[in-house]
Each structure stands twice: as C-alpha cells, then as structure tokens.
Amino acid sequence: MGIKFDYSNSFIKEHEYKNMEQIVKTAHTMLHNRTAQGSEFTGWLDLSLHFDKEEYQRLLMKSEEIRNNADYLIVIGIGGSYLGARAVIEALNHSFYNLIEDDKRTSPRVIFAGNNISGKYLSDLFEVVKDKEVYVNVISKSGTTTEPAIAFRFFKKFMEEKYGKEKARERIIATTDKSRGSLKELAKINGYETFVIPDDIGGRYSVLTPVGLLPIAVSGINTDEILKGAFEAEKIYSNSNLFDNECYMYSASRQILNRKGKDIEILTNYEPSLSFISEWWKQLYGESEGKDKKGIYPASVNFTTDLHSMGQWIQDGKRNIFETNLIIKDLDKDLTIESDDMDLDKLNYLSGKTVSYVNEKAFKGTLQAHVQGDVPNLIIELDKLDEYNMGNLIYFFEKACAISGYIQGINPFDQPGVEMYKKNMFKLLGKPE
C-alpha cells in the first residue's frame with residue numbers, strides 16, 4: 001500500500017537527479033533539524049510524536065454527538081481552515097454525499113461557509129437550514145479574519161434565536177488558538193467547546209489537526225485510518241537519500257523542470273471526487289512557494305471533463321507547463337458496459353468492459369498525446385482511494401512542498417503577500433487603526 005511516483009515521462013535524465021542529491025539532502029537536514037526559516041511552523045512534520053490523544057478522543061465524542069443530533073454541520077473557515085476537510089470529505093464519501101435522502105443518511109450534511117464574502121450565499125444557506133437541526137464549527141486562529149468572522153456573526157445570531165443562548169452554546173464549537181485571540185475569548189465568554197489549532201502548524205498544513213479532523217469525522221470517515229496513513233508516511237518519507245524517497249523525487253522533479261522554464265504545474269485527476277484535493281493542493285503550493293518573485297504556479301484540471309476545454313491548450317499551447325497526474329489504481333465502485341442491439345452510439349466494441357477500464361485508457365492515451373506534445377508528465381499513483389492512502393497522500397504533498405520550498409531558497413511556511421489585499425480592503429472600508 002502507499003504511493004508510487006513515476007517520472008519516466010518527465011524528460012528528466014538520471015544525471016539531473018544526481019545533481020540534485022546534495023541540494024535535497026541539505027533541504028532535508030534544514031527541515032528536520034529545524035534550522036531554516038519557518039521552522040517554528042513544522043509541527044506537522046512529526047505530528048505523531050506530540051499528537052494530543054486526549055483531545056482527539058474528546059473530538060471523536062463530539063463528532064458522534066453531532067452525528068446523532070444534527071441534520072447539518074456548518075463549517076465556518078477560509079483557506080486551510082476549510083479546504084483540507086472539504087477535500088477529504090468529497091474524496092472519500094459518496095459523490096453526492098449532501099444529496100442523499102434523510103432516511104438513508106448516517107451522518108449530517110456538511111456545508112462550508114465563511115470562505116467568501118457573499119450575502120447571497122449566506123442568505124440562501126439560511127433558507128436551507130432554518131427548519132433543520134444545526135451545529136456550527138467555527139475555525140479561526142485569531143477570530144478576526146474577515147470572511148469567517150462575518151459568517152460567524154450571522155450564524156451566532158441565528159443559533160441563539162433558534163435554540164436560545166443556553167442551547168446554542170452546546171451546538172457551537174470553536175477550533176482556535178489554545179490561549180489567545182478574539183475567538184478564544186468569545187468561546188470562553190459563551191462557554192463553547194473548543195479544540196486547538198497548534199501554534200506550530202500553519203493553516204494550510206492543518207488538515208490532520210482538529211481543523212480538519214472534526215468535520216471529517218462528523219461526515220462518517222474513519223479518521224483513525226487517516227492518521228495511521230499519515231503517521232506511517234512520516235517514517236516512509238524520512239530517508240534523506242533522494243533516490244530512496246519518492247516524496248523527495250517529486251520535489252526534485254518539480255524543481256528540475258522549473259529550472260528548465262516549466263513554471264506552471266497542472267495537477268490532473270481522472271475522478272470527479274478528487275477535484276477538491278486539487279483545490280487544497282493549489283493553496284498548499286501556491287501560498288507556500290509564491291514569494292520573492294519565485295514559485296511554480298499551481299493549476300489543476302479535471303479529466304476527462306477538461307480535455308474538452310483545456311485539453312487543446314495543454315496539447316498545443318505555450319510549453320511552459322508540466323503535468324502531475326494523480327491516479328487511483330482501484331476504486332470500490334464501477335459499472336460494466338452492456339451490449340445494445342441497435343448500437344446507434346457505436347459503443348458495442350466496449351461491451352463487457354468497465355467504465356474504469358475506459359477511463360484508464362483515456363488516461364494512458366492522454367499521457368501519450370501530451371508527452372508527444374512535449375509536456376513533461378509525472379505520475380502519483382495511489383493503490384486505493386481510502387482513508388489510509390489519503391493520510392499518506394496528505395503527508396506526501398505537505399513534505400514535498402516543504403522540501404521544494406527550501407530548494408528554491410524561500411520560506412515555505414509564511415504568506416506575507418496575503419496581507420496586502422487585507423490592508424487595502426480595510427482602508428477602503430474605513431476600519432479604525
């Protein structure tokens with residue numbers, strides 16, 4: 001079980017990897033010895049060693065309470081406070097998880113808010129949940145980030161009017177700083193149950209903390225197995241030798257291609273349920289690497305859907321791109337194509353074949369075409385789309401991102417550019433100094 005990394009279609013030669021060996025080893029040492037910039041935010045690196053098991057058991061108990069008493073869980077957060085949880089929930093649950101009828105559900109619907117500034121979105125959401133049983137999980141380190149703070153102000157009022165202040169406090173959970181910040185103070189005043197965002201783990205690396213684990217557990221996913229996959233990945237990808245570490249081979253491949261002018265990485269998938277994995281990945285790499293006028297631009301496409309839109313650009317457009325294909329070897333559900341007497345759609349040649357078989361050939365055909373079109377291709381293959389492999393993949397991407405950042409000579413754990421839009425927005429809104 002685990003991840004297989006294939007660079008055979010990357011146009012990268014063996015000596016190019018050889019030239020990266022010492023650079024990668026240096027990045028590994030900087031990361032593990034915590035001697036480089038941003039080292040104060042590397043708690044995710046060896047999370048298994050300081051994982052709060054008591055808090056985790058309390059989290060599982062709370063998730064069970066929500067599962068038994070809610071029609072909806074509203075998760076309020078932005079960026080890393082929601083993308084990881086949403087990615088895992090959509091990847092591992094039913095493709096139409098929130099549309100399953102009430103009498104067939106075993107878990108609440110999970111809806112995300114506070115990730116935009118849209119009055120229409122919030123108004124529509126209140127129309128949907130006004131007559132339903134609701135819990136709210138507000139996620140913010142500070143409690144003052146504009147988007148979730150606006151959403152929570154409305155939902156706090158909604159919950160108190162619906163349930164009364166005393167009952168509302170039992171249905172609002174705050175995931176926030178351990179000891180400080182506006183949300184922590186608000187939770188203390190109102191008596192909300194709280195879970196901790198660790199000081200040494202930044203938002204985009206926080207999916208394996210209560211930030212992601214509570215919503216994921218509420219949706220019915222086995223978080224024990226996710227953590228098992230991630231914790232075992234800590235060991236699997238701890239080898240400083242480039243050629244013995246597939247995670248590091250991915251980091252090195254990205255940087256070799258970037259040095260050849262490939263400054264856009266397109267993450268492709270062939271399963272619709274992986275689309276939010278791409279969104280989480282884009283934040284992880286975009287916010288980590290895009291600084292000091294450096295960085296590989298992270299983009300994504302969903303195949304085969306986007307082959308009928310973006311496929312032309314990828315095949316024949318500017319050659320400053322490379323693709324990383326996220327492939328699932330075995331899926332737990334499939335359909336077999338049957339023969340049809342009239343065969344007007346000309347599909348009888350596929351009779352007896354599964355849809356997954358056709359999808360696999362679409363991937364291989366696309367891979368051949370894009371390589372022929374001079375697009376380097378990398379492949380990350382998972383045996384299965386399950387909890388263990390998802391935990392492994394999350395850690396794989398996180399560590400590869402950190403190593404890649406250090407190879408570039410940037411701090412992969414800060415995000416100074418994000419503050420500029422906030423500064424301008426606050427000035428335009430007339431926010432007091």
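For the pair Arg105 and Tyr97, the distance from NZ or CZ to the six-membered ring centre is under 6.0 Å and the angle to the ring normal is within 45 degrees.
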Go through Asn389 and Asp383 one step at a time and tell me if the side chain to side chain donor-acceptor pair (under 3.5 Å) criterion holds.
CA-CA 8 Å; Asn389 281 286; Asp383 289 335; 5.5 Å; no
Start with the C-alpha gap between Arg67 and Ser107, add the side-chain angles, then the distance that decides, and say whether side-chain contact (heavy atoms from CB on, under 4.5 Å) holds.
CA-CA 5 Å; Arg67 284 162 58 84; Ser107 301; 2.5 Å; yes
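The distance between the ring centers of Phe11 and Phe322 does not fall below 6.0 angstrom. The six-membered or imidazole ring of Tyr205 lies away from that of Phe41, with a centre-to-centre distance of 6.0 Å or more. Between Tyr237 and Phe396, the gap from one ring centroid to the other is short of 6.0 Å.
How far CG of Asp46 is from CZ of Arg34: 4.5 Å, rounded to the nearest 0.5 Å.
Side-chain polar atoms of Ser404 and Tyr285 form no donor-acceptor pair below 3.5 angstrom.
With a 4.5 Å cut-off on side-chain heavy atoms, Phe397 and Trp281 count as touching. For the pair Lys141/Thr176, no side-chain contact is recorded, criterion being any heavy-atom separation below 4.5 Å from C-beta on.
When atom types are taken as modelled, the side chain of Lys399 and the backbone of Ala233 share no donor-acceptor pair closer than 3.5 angstrom. Within the 3.5 Å criterion, the main-chain N or O of Ile327 finds no donor-acceptor partner in the side chain of Asn325.
Every residue two or more places apart in sequence or in another chain that forms a ring pair (Phe, Tyr, Trp, His ring centres under 6.0 Å) with Phe158 is listed here: Phe126, Phe155.
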